[in-house]
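Single-structure report; data block below.
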Amino acid sequence: MQTNEQELRNAQAFLMEHDDFLVVSHVQPDGDAVSSTLAVGWLLSCLGKNFTMVNEGPIPRRMSYLWHADQIIDLSENPLETTYKHVICVDCADFQRVGQTQKYFAEKAHILNIDHHPTNDGYGTVNLIHAKAAATAEILFDLIEFMGTPLTEDVATALYTGLLTDTGGFRYSNTTPKVMAAASKLLQYGVDGPGLSELLLEQLTYPQLRVLTKALNKLQLSEDGTIGWVSITPEDMIETGAANEDLEGIVNYPRNIQGVEVGMLFKVINDNAVKVSLRSAGKVDVAAVAQSFGGGGHVRAAGARIEGNLEQIIKQVVERVKEQL
């Protein structure tokens with residue numbers, strides 16, 4: 001088994017020895033996925049490399065302040081005309097999380113897999129996986145320091161964004177002394193910590209507030225009050241004018257109810273598929289629950305896409321969580 005230093009050295013070699021990279025993150029990217037994509041892009045630009053940053057869909061509007069955020073290509077609107085032999089996947093717990101971007105991977109493409117999910121199966125040609133890291137942004141902070149590339153305010157802001165969002169504003173259990181030390185160093189480069197907290201964690205759009213109201217009106221609890229869940233349908237999204245990014249954080253509301261051990265959000269994708277997000281207070285390993293449905297994630301935060309109708313899936317997932325409890 002390789003040490004962290006060996007993995008960092010292998011990742012550095014991958015970046016130094018190749019060129020013309022495709023940089024991708026997971027579908028419906030969150031703060032860590034977007035900031036990690038841009039941090040990799042920034043590092044490649046420092047190395048004088050050619051690269052293209054893509055995602056299956058749009059990035060969250062509130063991430064537009066980040067360095068070159070407008071250069072992440074939305075493949076749903078602007079498909080590429082070529083394939084790439086060298087691919088860098090960031091924050092993708094498994095290969096399927098890259099979504100439709102994989103059709104732009106050349107046959108036998110070489111993949112650098114940079115991730116912090118413990119359920120990652122090491123699908124890369126080169127893997128830089130630190131399951132104890134709070135965010136993929138933390139791993140990239142380590143890589144940039146390991147390579148001796150001087151930080152700037154642009155990349156510091158991206159890395160801080162990833163740390164801030166994946167630790168819930170430095171409130172979750174993954175907020176380690178190492179995370180705080182990294183955040184402290186990033187602030188020295190001019191990162192506006194309070195401003196980013198306000199923008200990313202406090203502000204709500206009107207559609208976000210409306211879709212939250214829809215979700216809370218459908219709040220349900222198990223008989224003993226240890227499991228709570230809400231659901232969102234396509235009709236809810238249309239009626240409220242909400243985008244996928246407006247669902248960020250809704251899963252925490254049932255989880256935050258006193259006595260609830262696992263909170264869940266069920267988002268109906270279509271008549272035959274539902275995406276479930278799970279959050280745990282600590283007693284239940286929701287990554288194991290998600291994996292049993294073909295998903296993955298962390299002990300306290302995980303998710304899966306499940307085929308079937310909403311009512312059946314809610315029943316199945318609630319029963320699986322009850323077994324864990």
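For the pair A290 and A302, the tightest heavy-atom approach, listed with the atom from each and the gap, is CB-CB, 3.7 Å. Residue P60 comes nearest to E245 through the heavy atom pair CA-OE2, 3.2 Å, listed as atom of the first residue, atom of the second, then distance. Considering all non-hydrogen atoms of both residues, A215 and V230 come closest at O-CG1, 3.4 Å. When every heavy atom of Y104 is checked against every heavy atom of P79, the shortest pair comes out as OH-CB, 3.3 Å. When all heavy atoms are compared, the tightest approach of M237 to N244 is CE-N, 3.9 Å. When all heavy atoms of G168 and L201 are compared, the pair lying nearest together is C-CD1, 4.3 Å.
Using cut-offs of 30° and 60° for the angle between ring planes, the F95 and Y123 rings count as perpendicular.
You'll find the side chain of L66 reaches within 4.5 Å of the side chain of V34, heavy atoms only. Counting only heavy atoms from C-beta outward, the side chains of R61 and D246 approach each other to under 4.5 Å. When side chains are defined from C-beta on, L15 counts as touching L43, because their heavy atoms get closer than 4.5 Å. Counting only heavy atoms from C-beta outward, the side chains of L265 and Y253 never approach each other to under 4.5 Å. Within the 4.5 Å cutoff, no side-chain heavy atoms of R300 are placed close to those of R279. Taking 4.5 Å as the limit, every side-chain heavy atom of L75 sits out of range of all side-chain heavy atoms of Q100. With a 4.5 Å cut-off on side-chain heavy atoms, R255 and V262 do not count as touching. T167 places a side-chain heavy atom less than 4.5 Å from the side chain of V179.
The main-chain N or O of T205 is found under 3.5 Å from a side-chain atom of Q208 such that the two form a donor-acceptor pair. Of the possible donor and acceptor atoms, none in the side chain of S184 sits under 3.5 Å from a partner among the backbone N and O of A181. When atom types are taken as modelled, the side chain of D192 and the backbone of G195 share a donor-acceptor pair closer than 3.5 angstrom. D236 contributes no side-chain N or O that, together with a main-chain N or O of I232, makes up a donor-acceptor pair within less than 3.5 Å. Side-chain N or O atoms of Q6 include one that pairs as donor or acceptor with a backbone N or O of T3 at under 3.5 Å. Side chain of R62 to main chain of L199: a donor-acceptor pair is present (N/O by atom type, distance under 3.5 Å, no hydrogens or angles). Counting only distance, with no hydrogens or angles, the side chain of S277 and the backbone of G303 share no donor-acceptor pair below 3.5 Å. Using a distance-only test at 3.5 Å, with no hydrogens or angles considered, no donor-acceptor pair links the side chain of K283 to the main chain of E261. When atom types are taken as modelled, the side chain of K218 and the backbone of S231 share a donor-acceptor pair closer than 3.5 angstrom. Judged purely by atom type and a 3.5 angstrom limit, N217 uses its side chain to pair as donor or acceptor with the backbone of T213.
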Run the numbers on T157 and L196 for side-chain contact (heavy atoms from CB on, under 4.5 Å), then give the verdict. CA-CA 9 Å; T157 298; L196 292 179; 4.2 Å; yes
side-chain hydrogen bond (donor to acceptor under 3.5 Å, both in side chains) between T101 and N55, intermediate numbers included: CA-CA 7 Å; T101 64; N55 197 271; over 6 Å; no
Take E235 and K214 through the salt bridge (Lys or Arg N to Asp or Glu O under 4.0 Å) test and state the conclusion after the steps. CA-CA 10 Å; E235 292 75 23; K214 286 277 188 184; over 6 Å; no
Could you walk me through whether L310 and F266 satisfy the side-chain contact (heavy atoms from CB on, under 4.5 Å) test, starting with their C-alpha distance in whole Å, then the side-chain angles of each, then the deciding distance to 0.1 Å, before giving a yes or no? CA-CA 8 Å; L310 178 62; F266 295 89; 3.7 Å; yes
Chi angles and distances behind the side-chain contact (heavy atoms from CB on, under 4.5 Å) call for N113, L128: CA-CA 6 Å; N113 170 20; L128 178 55; over 6 Å; no
Can you list the steps and then say if L219 with W229 is a side-chain contact (heavy atoms from CB on, under 4.5 Å)? CA-CA 6 Å; L219 173 67; W229 64 93; over 6 Å; no
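A donor-acceptor pair shorter than 3.5 Å cannot be found between the side chains of N50 and D20. For the residue pair S64 / D70, no side-chain donor-acceptor distance below 3.5 Å is found, with atom types taken as modelled. Of the N and O atoms on the side chains of H116 and N174, not one donor lies less than 3.5 Å from an acceptor on the other residue. Inspection of the T52 and Y84 side chains reveals an N or O donor paired with an N or O acceptor under 3.5 Å. Under the 3.5 Å distance criterion, with hydrogens and angles disregarded, no donor-acceptor pair is assigned to the side chains of E7 and N4. In summary, the side chains of D224 and T226 do present a donor paired with an acceptor at a separation below 3.5 Å, with no hydrogens or angles considered. No side-chain N or O of S280 forms a donor-acceptor pair with one of D285 less than 3.5 Å apart.
In this structure, K315 does not pair ionically with E311, as no charged nitrogen and carboxylate oxygen lie closer than 4.0 Å. For D115 and R97, the salt-bridge test fails: no basic side-chain N is under 4.0 Å from an acidic carboxylate O. No salt bridge links K103 with E56; every basic N to acidic carboxylate O contact stays at or beyond 4.0 Å.
Taken from CD in E81 to CG in N78, the straight-line distance is 10.5 Å, to the nearest 0.5 Å. The distance from the OG1 atom of T136 to the CD1 atom of I114 is 8.5 Å, given to the nearest 0.5 Å. Between the CG atom of L163 and the CD atom of E138 there is a distance of 6.5 Å, given to the nearest 0.5 Å. Separation of atoms CD1 (I73) and CD1 (I59) is listed at 12.0 Å; rounding is to 0.5 Å. Summarising the geometry, atom OG1 belonging to T233 is positioned 8.5 Å from atom CD belonging to E239; distances are rounded to the nearest 0.5 Å. Once rounded to the nearest 0.5 Å, the distance linking OG1 of T37 with CD1 of I88 reads 10.0 Å.
Both the sub-6.0 Å distance and the 45° axial angle are satisfied by R320 relative to the ring of F293.
E248 pairs by the salt bridge (Lys or Arg N to Asp or Glu O under 4.0 Å) definition with nothing, not counting sequence neighbours. T125 meets the side chain to side chain contact (heavy atoms under 4.5 Å, CB included) test with H110, I111; sequence neighbours excluded.
Within 6.0 Å of the CG atom in N270, the count of heavy atoms belonging to other residues, nucleotides or ligands exceeds 12. Around CD of E223, the count of heavy atoms belonging to other residues, nucleotides or ligands within 6.0 Å does not exceed 12. Heavy atoms from other residues, nucleotides or ligands lying under 6.0 Å from NZ of K85 number 12 at most. Other residues, nucleotides and ligands contribute more than 12 heavy atoms inside 6.0 Å of the NZ atom of K178.
Applying side chain to side chain donor-acceptor pair (under 3.5 Å) to H26 and the options D91, D94, D32 leaves one that passes, D91. When each of Y189, Y65, F170 is tested with Y160 by the rule ring-ring contact (aromatic ring centres under 6.0 Å, His included), just one qualifies, namely F170.
Both L159 and M63 are part of a single hydrophobic cluster, where members link through side-chain heavy atoms under 4.5 Å apart. One hydrophobic cluster holds both V90 and I139 under the rule that ILVMFWY side chains link at heavy-atom gaps under 4.5 Å.
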